Amino acid sequence: MDEVDVEYTPDQFYDMIKNPEKLKSYNGVKMVMAKGLVNHMGFYDDLPFDEIKQFIGEEREAILSKIPPEVISSAEVQWEHVGSTSIKGMPGTIFPDSLILFKEYPPPREAFDALLENNFLFIGSGPFEQKDLWFLKKISKDGSRLDGAIFKIHLTPATLGASRLLIETRDRCNKNPEDFEEYKNAKVEAAKHLANGNIQGYKAAKMGSKLLQELTQKYGIKKPGPPPGPPAAE
């Protein structure tokens with residue numbers, strides 16, 4: 001039976017994330033394609049920052065409200081809005097991105113279940129770290145520029161280098177005009193690859209940013225492996 005025909009239960013998914021071999025063999029690409037969770041949004045100079053911020057806040061409340069307060073406290077669960085949509089004025093695609101951070105792997109079961117209950121699809125590990133667990137959901141919001149966009153959440157340990165890179169990139173760009181302009185210019189130049197549908201080329205070129213090179217070295221991030229689904233421009 002093809003993997004896309006398999007309906008995993010929450011128990012099976014949670015067992016998978018505790019088993020490195022099972023997690024490695026999970027075919028997130030097929031699952032993403034079968035569910036139509038591919039980002040077809042273009043590259044924009046005018047991302048709807050305020051609307052996305054409001055949307056992220058609503059999603060945060062809906063998900064975290066399903067996690068008992070004692071679990072949030074003991075597992076040190078935190079939410080961080082990251083990616084280009086978290087940087088006011090930064091161009092990119094309409095692809096909201098957030099981290100749900102916790103203290104120690106594996107993540108609390110309640111956080112994992114909260115994502116599944118909010119219609120997110122678990123698609124496997126991110127390209128940098130196996131413990132960086134990715135979830136996707138298509139946004140349905142009639143009359144909004146967000147309608148049809150894909151929302152990605154990372155369920156990830158707070159100490160993971162890839163997560164810390166995303167947070168510091170956001171903070172540096174929001175606070176330091178020089179970092180903002182350097183990263184913005186790198187993204188605009190990299191976006192030329194998107195004209196031919198070359199998302200991998202875009203992401204590789206974007207990593208040429210001096211800021212990302214600095215932070216990649218700072219957090220000891222190695223060359224990424226294949227992502228769990230079709231690469232998404234941000």
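Here the structure is a predicted model, which means the values were calculated and not measured. Numbers for residues simply follow the sequence, beginning at 1.
- Note that the CG atom of N118 and the CD1 atom of I63 stand 5.0 Å from one another [nearest 0.5 Å].
- Residue Y183 is grouped with residue Y219 when hydrophobic side chains (ILVMFWY) are merged at heavy-atom distances under 4.5 angstrom, including chains of intermediate members.
- Applying the side-chain contact (heavy atoms from CB on, under 4.5 Å) criterion to T9, with sequence neighbours excluded, gives D11, Q12.
- The heavy-atom pair separating L155 from A111 by the smallest distance is CD1-CB, 4.2 Å.
- The line from OG of S144 to CD of E51 is 3.0 Å long, rounded to the nearest 0.5 Å.
- Crowding of K24 atom NZ: a count of heavy atoms from other residues, nucleotides or ligands under 6.0 Å not exceeding 12.
- Put simply, the side chain of E117 reaches to within 4.5 Å of the side chain of K66, judged on heavy atoms.
- Within the 4.5 Å cutoff, the side chain of L101 has no heavy atoms near those of the V77 side chain.
- Remark: side-chain polar atoms of T169 are paired, donor with acceptor, to backbone N or O of L165 under 3.5 angstrom.
- Side-chain atoms of S125 come within 3.5 Å of backbone atoms of Q130 as a donor-acceptor pair (strictly under, hydrogens ignored).
- Hydrophobic cluster membership is shared by L64 and V71, with clusters built from Ile, Leu, Val, Met, Phe, Trp and Tyr side chains linked at under 4.5 angstrom.
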Handout entry: Residues L215, I221; criterion side chain to side chain contact (heavy atoms under 4.5 Å, CB included); working and verdict
Key = CA-CA 8 Å; L215 297 181; I221 297 173; over 6 Å; no

Exercise for the section: Given salt bridge (charged side-chain N to carboxylate O under 4.0 Å, His left out), test D46 with R145 step by step and report yes or no. Expected result: CA-CA 11 Å; D46 60 338; R145 290 177 64 190; 3.5 Å; yes

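- The shortest side-chain heavy-atom distance between K53 and K88 does not fall under the 4.5 Å cut-off.
- Between D147 and K138 no salt bridge is recorded (no basic side-chain N to carboxylate O distance below 4.0 Å).
- Counting all heavy atoms, side chain and backbone alike, L212 lies closest to M207 at CD1-SD, 3.7 Å.
- No continuous path of ILVMFWY side-chain contacts below 4.5 Å connects I17 to L160, so the two sit in separate hydrophobic clusters.
- Two residues are said to be in side-chain contact when any heavy atoms from C-beta on lie closer than 4.5 Å; D97 and H154 meet this criterion.
- The hydrophobic cluster containing L136 also contains I139, counting ILVMFWY residues as joined when their side-chain heavy atoms lie under 4.5 angstrom apart, directly or transitively.
- Take S86 and apply the side-chain contact (heavy atoms from CB on, under 4.5 Å) test, not counting sequence neighbours, and it matches H81, R170.
- Look at K137 and E59 and you find a salt bridge, because one of the NZ, NE, NH1 or NH2 atoms lies within 4.0 Å of a carboxylate O, short of that distance.
- For E58 and Q54, the side-chain atoms include at least one donor-acceptor pair closer than 3.5 Å.
- How far CD of Q78 is from OG of S163: 11.0 Å, rounded to the nearest 0.5 Å.
- With Y14 as the aromatic partner, R109 meets the cation-pi criteria of under 6.0 angstrom to the ring centre and within 45 degrees of the ring axis.
- Put simply, the side chain of I199 does not reach to within 4.5 Å of the side chain of H193, judged on heavy atoms.
- You'll find the side chain of M90 reaches within 4.5 Å of the side chain of K187, heavy atoms only.
- Atom NZ of residue K131 and atom OG1 of residue T156 lie 10.0 Å apart, to the nearest 0.5 angstrom.
- Between G208 and Q213, the shortest heavy-atom distance links the atoms O-NE2, 3.6 Å.
- With a 6.0 Å cutoff to the six-membered ring centre and a 45° limit on the axis angle, R172 does not count as a cation-pi contact of F180.
- Taking every heavy atom of both residues into account, L47 and P91 meet most closely at CD1-C, 4.1 Å.
- Side-chain atoms of S209 do not come within 3.5 Å of backbone N or O of K206 as any donor-acceptor pair.
- The closest side-chain heavy-atom distance from N198 to L194 is not below 4.5 Å.
- Closest heavy-atom contact between W134 and P127: CZ2-CD, 3.2 Å.
- Rounded to the nearest 0.5 angstrom, E182 CD and C173 SG are separated by 8.5 Å.
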Problem - Steps toward ring-ring contact (aromatic ring centres under 6.0 Å, His included) verdict (Y26, Y8) - result: CA-CA 11 Å; Y26 178 56; Y8 289 92; 5.7 Å; yes

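- In this structure, the side chains of K103 and P157 stay at 4.5 Å or more apart for every pair of heavy atoms.
- By the ring pair (Phe, Tyr, Trp, His ring centres under 6.0 Å) test, F135 pairs with F112, F122, sequence neighbours left out.
- Heavy atoms of other residues, nucleotides or ligands lying less than 6.0 angstrom from CD of E70 number more than 12.
- Taking all atoms of both residues into account, the shortest heavy-atom contact from E129 to A162 is CG-CB, 4.4 Å.
- In this structure, CD1 in I94 is found 5.0 Å from OH in Y44, a value given to the nearest 0.5 Å.
- Hydrophobic clustering of Ile, Leu, Val, Met, Phe, Trp and Tyr side chains at less than 4.5 Å, counting indirect connections, unites I100 with F13.
- A distance of 6.0 Å or more separates the ring centres of F151 and F95.
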